[in-house]
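Proteins get letters first, then strands, A, B, ... in listed order; numbering begins at 1 in each. Reckoned from all heavy atoms, side chains included, excluding hydrogens, waters and symmetry mates. What you see is a predicted model, and the numbers here were worked out from it, not measured in a lab.
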Protein chains: 2
Amino acid sequence: MTSGRVTIADVARRAGVSTAAVSKVVRGAYGVSAEMQAKVTQAIDELGYRPHAAARALRGRTYTLGVMLSDTRNPFFPDIIEGVTGRLRDTEYQVLLGPGGIEPRTQARMTDAMIDRSMDGLILISPVMTDAELAAIAAAVPVVVVGRHGGAGASSAAYDSVVDDDVMGARLVVDHLVGLGHTRIAHITHLERARAQGLPHTVRAEGYRQAMRAHGLADDVLATSFTEEGGFEGARELLARDDRPTAIFAGADIAALGVLRAADEAGLSVPEDLSVAGYDNIGIASLKRISLTSVDQDGHVIGATAARLLVERIEGRSRSVASSVSPTLIVRGTTGPPRL
Amino acid sequence: MTSGRVTIADVARRAGVSTAAVSKVVRGAYGVSAEMQAKVTQAIDELGYRPHAAARALRGRTYTLGVMLSDTRNPFFPDIIEGVTGRLRDTEYQVLLGPGGIEPRTQARMTDAMIDRSMDGLILISPVMTDAELAAIAAAVPVVVVGRHGGAGASSAAYDSVVDDDVMGARLVVDHLVGLGHTRIAHITHLERARAQGLPHTVRAEGYRQAMRAHGLADDVLATSFTEEGGFEGARELLARDDRPTAIFAGADIAALGVLRAADEAGLSVPEDLSVAGYDNIGIASLKRISLTSVDQDGHVIGATAARLLVERIEGRSRSVASSVSPTLIVRGTTGPPRL
DNA sequence: GGGAATGTGTAGAACGTTCTACGGCATGGC
DNA sequence: GCCATGCCGTAGAACGTTCTACACATTCCC
């Protein structure tokens with residue numbers, strides 16, 4: 001009695017029915033009378049029965065969805081998580097997060113581990129792996145990819161995807177700055193890596209170039225890294241030039257903070273001497289002391305959409321869906337008209 | 001061949017041995033000859049066999065450890081995660097994170113879910129639940145609790161715990177400020193909740209009181225909340241007083257940022273008119289623009305310690321261990337001698 | 001040379017579910 | 001009254017491991 005957990009067999013004995021019947025009731029499957037339903041539910045409550053996920057996994061579902069996080073420090077990842085869990089709150093599904101690390105190797109290890117644990121579906125956030133690897137995973141389990149812009153169109157049938165429209169986000173920033181009167185607008189991006197194709201920073205940089213071109217302006221992209229230090233170094237280099245830019249658009253808020261520091265040290269006041277904009281709208285961007293103009297991705301919507309698509313996929317949809325979430329520009333104190 | 005995953009039986013067939021033998025090799029159990037070891041390992045590699053966690057769970061271990069996160073926005077939680085995963089990198093264990101939410105109810109749901117999935121052990125980060133609930137969980141599975149100061153001594157036998165020495169951290173701050181010449185030092189803490197006993201903010205406030213008393217100074221604690229807004233409101237109230245404090249020690253960095261904003265708005269310069277110190281040493285505290293004096297908890301060590309204790313526990317230790325990690329004070333630009 | 005001890009391997013029963021068959025019982029149409 | 005047709009319930013075989021027995025060789029010791 002006290003030893004071991006209560007199983008479906010215990011419930012069946014208590015209710016005076018077969019284990020198969022209990023299983024049906026638990027799963028809400030077809031073919032149970034109201035009377036049976038009542039008897040079994042009562043027995044379940046009395047005994048405090050909880051289904052054993054591992055045993056379920058051997059035949060059916062685990063009702064477990066995995067979210068692989070590429071980088072736990074990603075500032076809007078809590079928003080995405082909240083979106084996912086919020087959407088799934090009233091379902092039977094449970095969400096577990098897998099810290100995949102930044103390395104392709106460790107990410108692969110994590111996805112393997114999630115498949116080994118027979119999760120019903122996976123959400124991969126900014127996965128760093130080849131399209132072939134992605135396709136292999138999607139062949140084993142339903143997958144939704146977040147934050148990775150469509151790779152080779154062909155493979156896209158295997159999984160769904162949710163992205164922020166980074167091209168639009170970049171355009172919003174450029175339009176805003178041009179509207180204020182800026183013409184020399186530089187962009188700081190993340191140093192290109194081998195598998196970076198389709199990753200947000202690449203797309204943002206491309207969106208920036210397109211938007212500048214649309215305004216008939218020359219683009220000016222500098223690749224450092226999406227860190228405070230990276231933003232600082234990049235800005236220092238840009239500000240040392242003869243015809244220094246009057247505005248810097250950093251591809252990530254954390255880099256924008258570094259840009260602000262560089263402006264401080266160069267004795268430039270923001271936004272009079274230099275306008276600064278970021279991307280991601282991280283929490284501290286809204287602090288009065290920082291007040292950074294930034295692009296907001298609404299991670300909440302992204303997460304909720306990913307969860308919805310994944311459940312649809314698990315429950316049978318085979319046609320693949322690519323959803324794009326529109327970002328919004330949050331104008332704050334670090335951008336303004338250039339000094340004449 | 002293409003259908004379904006490769007099982008232990010496939011490996012056994014290929015190697016020409018029994019499934020039991022393969023199982024032994026996989027688990028590194030006693031009673032395998034070198035020859036058998038070689039044959040089986042080769043077959044495993046050739047077939048790309050991976051053990052099925054759910055099937056394992058039914059009899060043995062799952063090699064899965066769960067980390068329940070009370071709040072995914074907690075700024076040093078990535079450090080803890082990294083400490084945990086770093087420590088476990090070269091073991092067979094996999095770490096999965098469970099977003100438990102802030103509510104006791106959702107946290108309980110998450111721990112139940114983790115137990116249902118037969119995880120081998122659980123690390124609970126700042127769990128909000130009664131000692132009885134905690135004991136119940138610890139009775140079902142090995143548990144290490146992080147960030148919760150020892151409750152009723154008796155129940156402590158059931159699980160291990162790792163805490164930051166918050167009393168010491170608070171003392172470091174007070175000693176530092178007193179050393180600079182401050183005497184009117186106020187403390188902003190988080191509003192008390194029912195189950196908050198033993199939670200960090202309570203202990204920090206108590207440590208502050210002790211330290212002030214040790215210096216023969218009057219304490220001054222104001223409870224708002226650990227948010228930017230909470231810090232702002234608290235500071236505004238404190239700074240409106242006749243004999244306003246010359247230093248404010250906020251129990252969390254995020255609140256300290258609010259204090260800085262309040263100082264800005266009141267036209268007070270930091271640290272000349274007001275010294276400000278925080279707790280947690282979150283990433284942005286080190287940004288030159290903020291440069292906040294803070295207490296560093298070394299989440300990395302905390303996480304690694306928790307992981308070590310959990311594995312020890314799983315592998316047999318029954319005596320319970322309470323580990324305390326010493327914080328360090330990081331002095332930056334927001335603290336200085338008071339203006340005479 | 002006859003146990004005892006030791007080392008290697010295997011058979012087969014768990015573990016707690018799900019799911020495919022199928023059986024029994026009403027109902028209803030003819 | 002007989003056969004199809006639903007509906008409800010059950011038996012029992014999976015699912016992929018682990019683990020307890022036990023069988024079979026060796027080796028060792030007296």
Is any side-chain nitrogen or oxygen of [X] closer than 4.0 Å to OP1 or OP2 of [N]?
X	N	value
B:Arg27	D:dC19	yes
B:Thr7	D:dG16	no
A:Tyr49	C:dT17	yes
B:Thr19	D:dT18	no

task = Indicate, with a heavy-atom threshold strictly under 4.0 Å, whether B:Val26 touches base, sugar-phosphate, or nothing.
result = nothing

Can you check the [X] [atom1] to [N] [atom2] distance for me, whole Å?
X	N	atom1	atom2	answer
A:Gln37	D:dG9	CD	C1'	15 Å
B:Asp116	C:dT17	CG	C1'	13 Å
B:Glu35	C:dG9	CD	C1'	12 Å

Candidates [options] - which lies nearest the side chain of [X]:
X	options	value
B:Arg59	D:dT17, C:dT8, D:dT10	D:dT17
B:Ser23	C:dT8, C:dC19, D:dT18	D:dT18
B:Ala20	C:dT18, C:dC15, D:dC19	D:dC19
A:Ser33	D:dT18, D:dC8, C:dG16	D:dC8
B:Val17	D:dC7, C:dT10, D:dG16	C:dT10
A:Arg56	C:dT10, C:dG16, C:dT18	C:dT18

Shortest non-hydrogen separation from B:Arg148 to B:Thr130 and the atoms involved = NH2-C, 4.2 Å

query = Are the charged groups of A:Asp112 and A:Arg109 less than 4.0 angstrom apart, N to O?
reply = no

request  = For the pair A:Asp79 and B:Arg73, find out whether any cationic side-chain nitrogen is under 4.0 Å from an anionic carboxylate oxygen.
outcome  = yes

ask   = If you measure only the distance, is there a donor-acceptor pair under 3.5 Å linking the side chains of A:Tyr93 and A:Arg87?
value = no

Show me, pair by pair, the donor-acceptor contacts under 3.5 angstrom made by side chains of residues 44-51 of chain A, not counting sequence neighbours?
residue: A:Glu46; atom: OE1; partner: A:Arg14; partner atom: NE; Å: 2.8
residue: A:Glu46; atom: OE1; partner: A:Arg14; partner atom: NH2; Å: 2.7
residue: A:Glu46; atom: OE2; partner: A:Gln42; partner atom: NE2; Å: 2.9
residue: A:Arg50; atom: NE; partner: B:Asp116; partner atom: OD1; Å: 3.0
residue: A:Arg50; atom: NE; partner: B:Asp116; partner atom: OD2; Å: 2.9
residue: A:Arg50; atom: NH2; partner: B:Asp116; partner atom: OD2; Å: 2.5

